[in-house]
Amino acid sequence: MRRSAGLQLVSQELTRLQCQARPRPLCPPRNCRLASSTSSYTSRNISCISPSFAGAHHSHHRDIARSNFKRHVSSRTHTSASFTPSFPNDHDHTHSLHSNIHYILSQTKIPVGRMNNINRQKARSFLFITSKWANEQGATLSEALLERLHQEQETNHNEAIVDTDMYNACMHAWNISGADGKIIVQNVESILTRMEQRCADDTLHNSHRARPDRTSYNCLLHSYSKCDEDSSWKVQAVLEKMNAMAQESKDREYASKVQPDEITYNTVMNYYATRTKSKFAAQHAEDILLQMSELSQHTNSNVRITSTSFNIVLKAWSNSGCGWEGAERAKSLLHKMIQWHNHGHANVAPTAVSFSTVMDAYTKVERVHASTAVENAMELLDWMEASSISDPEHVHSCYNAMAKVCIRMGVENVGERVMELMRRMKNMDAVPDERMYTRCIEAYAREGSEGAFAVAFGVLDEMREHLQCNPSSVAFNSLLDALLKKQTDQSMELAEKLMKKMESLGGDSRPDIASYNMMISALSRSSCKGSEQKAVDYLRSMLRSFNNDHYSKAKPTSFVFNSVIAMLDRSSEEWADDVMYKTLMSMENQQRQGNASVIPDTITYNTVIGKLSKRPTKENAKKVMKLLTQMESKEEDGNFDASPDIITYTNILKIQSKLDPNRASDIASRYVTRSLARSPLPPMDRVGLRALLMALSRSGKFENAFDAISLWERLEGCGKTTKLLDSDTCNLVLLAFSKVKTEQSADIVLSFLTERLKRLSNGDKSIVLPTVVGMNAALTVLSNSGRINDALSIVEIMKALYMNGHSKLQPDPGCYTSILTSVASVQSSSKNNALYAEKVLKKAKEELEVVPITLVNAAINACAWTSGDQNDKKRAIQIAFEIFDQTKERSSYDAVTFGLMIKACMKLSSDDDTRFKLVQRLFQVCAKNGLVGNMVMREIGHFKPMLLPDGKVPQAWKIHANDK
DNA sequence: ATAGGGTTAG
């Protein structure tokens, strides 16, 4: 395929940018080593490198953490000045921070109760420093210091060491940590609870413990808005509690300290404003605004409505998920705000944020309203320019919001439109910032034409010049996105080049989680060979970037891992299953290290287990079992994300039944037992049920057969008959019992069958019956217990059902064979064996058109195993010969028939003389017919006394034996 | 201690 001119242009552009990239600074060892070791999976060197200072309790860990930090800092100073990954505060302070950390860590070595004043003062100021780091480490560290100082206070009853501000700072630290919402809420709740409990425990001896104030509760309320979970009842409860405390407290001063203020109400509104896709929440936020307005009327009120309050409600409507309606409501609220302002409420002046928030609401309207949305937003922009804004330094954000509306609404020639906005903002003395340039790039890239791409790259260049630094990954991502949506080989190639360039530029330009998501999911959609390898390589470099270089923007989410796993699942590369397993291990590793955005779930595990099960090797079986254990132990710990389900077990049983059937039946049994204990039963499907029953039916253990039947009956009771149960699975249940030789089995099987037959005769048409296969198994069980008559009546019933249209229940020779084989088995041999054999054979001859030799043989064999006294045995021999003689007439016997007859004579004869005569006679007929087989020779060989007095085999035997 | 903004993704 020839390259089009436009793409060629873009490609040149890329190469040019590549050359412009800053010369690679000196840090070759790190990169070289990593690059050469791509074959080893990165997860191995992940765990030890991630620094977790606060969690480092003993000095060994601390040393590792510290030395890694040092290495990290020194390598960074070489690469990029704008890079501040793990401690995003002022870069120049890195050194003093380092010594701070050193100091703080050394604090933990001082025994409790031995900190002097200077120690305490330092710890206190470090607490306030670390609490402003705005990352998880800062929060963890400040909380650790808080707890350490609390211990100190507990041993010095007369001194107040920990005050309310310190608690508040720690909660604030979590709120700004950027951690996952759930984690923030957990930590803030736990700090506040501790604070409250410690106060409640306070005695006269120590009345110095810090009491939560309004700020503390405001912090708590704030944390709820960071988390997606529905915490509205908690928010409501906190507000009520604050009001109650303010009213009920006898301490007037304290009462005024916990009385909710405007920040409290703003924060509560903000909680509702952050609930996306909920009209109710937006309405609720607006209601609170009304309440605030009433409260502010009271004298001495500490509540007053400001621009912020309004802006929060504007956001609420923008986030409400109400599309056009939400945008319109936001707009009219903005009008109301201006009215208020005009009526003398100076502190509700609309700000740039107000305008840009409403504009943002117009980016979320339904397609039909696209052009009106753009018009309305443009009106807002005109309006904003005409009015005096109280925060002119934020005016540029309105142009950005406007540009976003144009892009989202699919305006034609968006690139030029956004360019125009950039010119227009300059007239307002607003300087386009990085975000605005990025928007502009996005706009051109979205246009998709090759010329537009070239312009986008041009803007990227311009941006570097104007901003005097490299564009952040976001700008590149817009380009990547647009390139990858083109879905051509060339554009994929260009995207790969772009990724390389981002890496070489380093710093904030490095690929982030969005870049990796896009590349990997595009690769997983591609059918080119080698895409798997490329995707896995990207995953590895992402992990390296996050784990080793602490690049927080590359923090992985489930999405990347799942894309890779899904792609490998479809792959035919022979390493695919192994790499899938390693990918899952790496996911678990992330989770273990506290990355809350990585959640391997049941589907993830099932995909990997499913793939591993396709290749039944011992290693894969081991891996699969390890994964199952992992899933089960998570479930026990109360984490149900990855609870094993029927699909999990189906795959596990698939591999184990090939390698270790006993293990398979144990696994199946454990699962069935647990499932039966639950109500309702966990979901089950046909394939899974079959796999379970197969595994259970193989073992020959009574418990397993019992599990099988219990499960089947329970499912039948749930009315799952049509969806799940069929004759096939019913057969498996009976088959399970056919290998168990106990009296109990016969009872269970018989009542199982009679129950179903009874229901059938009562007109239950949904009843599931076994086929001959299952029936044969049932016959085996009954005959094993000597219940030949029961067995024969079952055959009768089968015949009747067959006549009634149950075509799969036609009695076949196998039925009789099943009975006779059981009669012959050692466990069930009785004095009646021969009589049974005679009876069964007779019945078979009546019912069947052709009686196969095997059936006759089975009858003779049954006779051979007759026990009891001499008379019983003598009669057995007679019966055997009668059967044999009848057979002879039809000349349908074989070598085995002779073997069995000889065996019968050997076993049943009362003395050697009789034995000799009978066997000799049989042997002669046998030899004449040329049917001397292995079995015949073996039987004769067993009998030493049959040899001649001189120890030789009689001539008669010899001749014919050698003839053969 | 409260209001915001950029990219992706089945």
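We name chains A, B, ... by the order of the sequence lines, and we start the count at 1 in each one. Computed from a predicted model, the values in this text were never measured in an experiment.
Contacts classified as side chain to side chain donor-acceptor pair (under 3.5 Å) and involving residues 167-176 of chain A (residues at least two apart or in different chains) are given here: A/Glu143-A/Trp174, A/Tyr167-A/Arg198, A/Asn168-A/Asp213, A/Asn168-A/Ser216.
Every side chain to side chain donor-acceptor pair (under 3.5 Å) that A/Asn270 has, sequence neighbours left out, goes to A/Lys315. A/Glu196 pairs by the side chain to side chain donor-acceptor pair (under 3.5 Å) definition with A/Tyr217, A/Lys241, not counting sequence neighbours. By the side chain to side chain donor-acceptor pair (under 3.5 Å) test, A/Thr308 pairs with no residue at all, sequence neighbours left out. Under the side chain to side chain donor-acceptor pair (under 3.5 Å) criterion, A/Asp163 pairs with A/Arg124, sequence neighbours left out.
With rounding to whole Å, A/Asp261 atom CG is found 12 Å from B/dA1 atom P. Computed from coordinates, the A/His222 NE2 to B/dT2 C1' distance equals 7 Å when rounded to whole Å. Taking atom CD1 on A/Ile305 and atom P on B/dA3, their separation rounds to 17 Å, with Å as the unit. One can place CZ of A/Phe128 at 13 Å from C1' of B/dA1, the figure rounded to the nearest angstrom. One interatomic measurement links the two molecules: CZ of A/Phe355 to C1' of B/dG4, which rounds to 15 Å at whole-angstrom precision. Atom CD1 in A/Ile389 sits roughly 17 Å away from atom P in B/dG4 (whole-Å rounding). For A/Tyr167 and B/dA1, the OH to C1' distance is 18 Å, given to the nearest whole Å. For A/Tyr362 and B/dG4, the OH to P distance is 20 Å, given to the nearest whole Å.
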Summarise how protein sits on nucleotides 5-10 of chain B as a single string, 5' to 3': B when a protein heavy atom is under 4.0 Å from the base, S for sugar-phosphate-only contact, - for no contact.
-> BBBBS-
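In terms of phosphate contacts, A/Asn168 brings no side-chain nitrogen or oxygen within less than 4.0 Å of OP1 or OP2 of B/dA1.
Among the heavy atoms of the strands, none lies under 4.0 Å from A/Thr357.
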Criterion side-chain hydrogen bond (donor to acceptor under 3.5 Å, both in side chains) on A/Ser478 and A/Asp481, from CA distance to verdict | CA-CA 5 Å; A/Ser478 298; A/Asp481 177 43; over 6 Å; no
